[in-house]
Amino acid sequence: QVPQVESGGGLVQAGGSLRLSCAASGAARNYGMGWFRQAPGKEREFAAAISWTGGTTRYADSVKGRFTISRDNAKNLVFLQMNSLKPEDTAVYYCARSSVSIVTTTPDTYISWGQGTQVTVSS
């Protein structure tokens with residue numbers, strides 16, 4: 001229920017990289033975490049998710065091979081490394097805690113949504 005806190009967003013040129021960080025609550029250590037994004041005029045969509053142990057990850061087809069999700073449970077941090085960024089990656093990125101410990105990809109399974117961090121990729 002406590003909001004997650006995202007940071008690391010900004011402006012980057014196409015082909016560049018950006019690393020997002022999420023400061024999760026202490027309770028988030030035992031749950032899966034995910035990154036979602038929402039562009040203007042579009043629905044919020046799944047980007048990446050990771051199990052609480054970090055042993056299982058899953059990515060949306062649109063970001064697979066370019067994005068990498070990881071976590072440091074000791075520090076309650078979740079990261080999203082974004083490489084080879086494209087203009088279509090422009091969106092507000094949200095970090096959220098899942099209601100279960102395994103990987104999930106649907107937004108309805110997530111709680112404690114953060115306020116989001118803006119990522120803008122220029123051509």
Side-chain angles (χ1 to χ4, degrees):
Q1 191 170 345
V2 178
Q4 313 302 305
V5 181
E6 306 96 337
S7 63
L11 175 65
V12 63
Q13 295 186 50
S17 298
L18 207 59
R19 184 179 178 84
L20 305 183
S21 297
C22 172
S25 64
R29 183 181 184 278
N30 298 316
Y31 298 90
M33 297 292 293
W35 286 96
F36 291 77
R37 64 186 186 180
Q38 185 168 24
K42 297 183 179 180
E43 297 181 337
R44 185 171 299 185
E45 64 176 10
F46 167 77
I50 187 169
S51 62
W52 81 270
T53 64
T56 304
T57 58
R58 187 172 180 179
Y59 302 91
D61 290 339
S62 59
V63 307
K64 190 175 183 180
R66 299 188 298 117
F67 290 11
T68 301
I69 186 172
S70 62
R71 68 190 301 169
D72 184 340
N73 288 343
K75 298 181 179 180
N76 292 329
L77 295 175
V78 183
F79 307 99
L80 184 66
Q81 178 66 46
M82 305 182 292
N83 299 324
S84 301
L85 284 165
K86 306 175 181 179
E88 49 263 47
D89 293 320
T90 296
V92 175
Y93 284 71
Y94 299 89
C95 176
R97 178 174 70 83
S98 175
S99 59
V100 294
S101 62
I102 62 173
V103 168
T104 59
T105 61
T106 54
D108 58 296
T109 63
Y110 287 81
I111 55 177
S112 300
W113 292 86
Q115 65 179 18
T117 184
Q118 178 70 49
V119 172
T120 302
V121 184
S122 62
S123 301

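- Figure legend: Arg44 and Trp113 shown as a cation-pi pair, the cationic atom lying under 6.0 angstrom from the six-membered ring centre and within 45 degrees of its axis.
- The ring-ring contact (aromatic ring centres under 6.0 Å, His included) with Tyr110 is formed by just one residue from the set Phe46, Phe36, Tyr31; it is Phe36.
- In Arg58, the CZ atom is not crowded: 12 or fewer heavy atoms of neighbouring residues, nucleotides or ligands sit closer than 6.0 Å.
- Members clustered with Leu77: Phe79, by chain and number, using a 4.5 Å side-chain heavy-atom cutoff among hydrophobic residues.
- Note that the OG atom of Ser123 and the CD atom of Glu88 stand 8.5 Å from one another [nearest 0.5 Å].
- Every residue was checked against the ring-ring contact (aromatic ring centres under 6.0 Å, His included) condition with Phe67, not counting sequence neighbours, and none meets it.
- Under the 4.5 Å side-chain criterion, counting only non-hydrogen atoms from C-beta, Val78 is in contact with Trp35.
- Among all heavy-atom pairs drawn from Ser62 and Arg37, the shortest one is OG-NH2, 3.4 Å.
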Derivation and outcome, side chain to side chain contact (heavy atoms under 4.5 Å, CB included), residues Ser51 and Ile102
CA-CA 5 Å; Ser51 62; Ile102 62 173; 5.5 Å; no
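- Pairs of residues two or more places apart, or lying in two chains, that qualify as side-chain hydrogen bond (donor to acceptor under 3.5 Å, both in side chains) and include a residue from residues 9-21 are Ser17-Asn83, Arg19-Gln81.
- For the pair Leu80 and Ala48, the tightest heavy-atom approach, listed with the atom from each and the gap, is CD1-CB, 4.1 Å.
- Glu6 places a side-chain N or O within 3.5 Å of a backbone atom of Gly116 that can act as its donor or acceptor partner.
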Trp52 and Arg71: CA distance, side-chain angles, deciding distance, side chain to side chain contact (heavy atoms under 4.5 Å, CB included) verdict:
CA-CA 8 Å; Trp52 81 270; Arg71 68 190 301 169; 3.9 Å; yes
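- Leu11 shares a hydrophobic cluster with no other residue; no ILVMFWY side chain has heavy atoms under 4.5 Å from its own.
- Taking Asp108 as the reference, Thr106 meet the side chain to side chain donor-acceptor pair (under 3.5 Å) condition, with sequence neighbours excluded.
- Between Gln115 and Gln4, the closest side-chain pair of non-hydrogen atoms is not below 4.5 Å.
- At distances below 3.5 Å, at least one donor-acceptor pair connects side-chain atoms of Tyr59 with backbone N or O atoms of Ile69.
- Judged by distance alone, with hydrogens and angles left aside, the side-chain atoms of Thr90 form a donor-acceptor pair with the main-chain N or O of Val121 at under 3.5 Å.
- Evaluated for a side-chain contact (heavy atoms from CB on, under 4.5 Å) with Ser98, the options Ile111, Thr105, Thr104 yield exactly one hit, Thr104.
- Atom CG of Leu18 is separated from atom CG of Leu85 by 6.5 Å, given to the nearest 0.5 angstrom.
- Contact record, Ser84 with Asp89: O-OD2, 4.4 Å, taken as the closest heavy-atom pair.
- Closest heavy-atom contact between Ala24 and Met33: CB-CE, 4.0 Å.
- Thr117 places a side-chain heavy atom less than 4.5 Å from the side chain of Leu20.
- Screening residues 82-123 for disulfide bond (SG atoms under 2.5 Å apart) gives Cys22-Cys95 as the qualifying pairs, with residues at least two apart or on separate chains.
- Looking at Met82 and Val12, their side chains never come closer than 4.5 Å, going by heavy atoms from C-beta outward.
- Formation of a donor-acceptor pair under 3.5 Å by the Ser101 side chain with backbone atoms of Gly32 is not found in this model.
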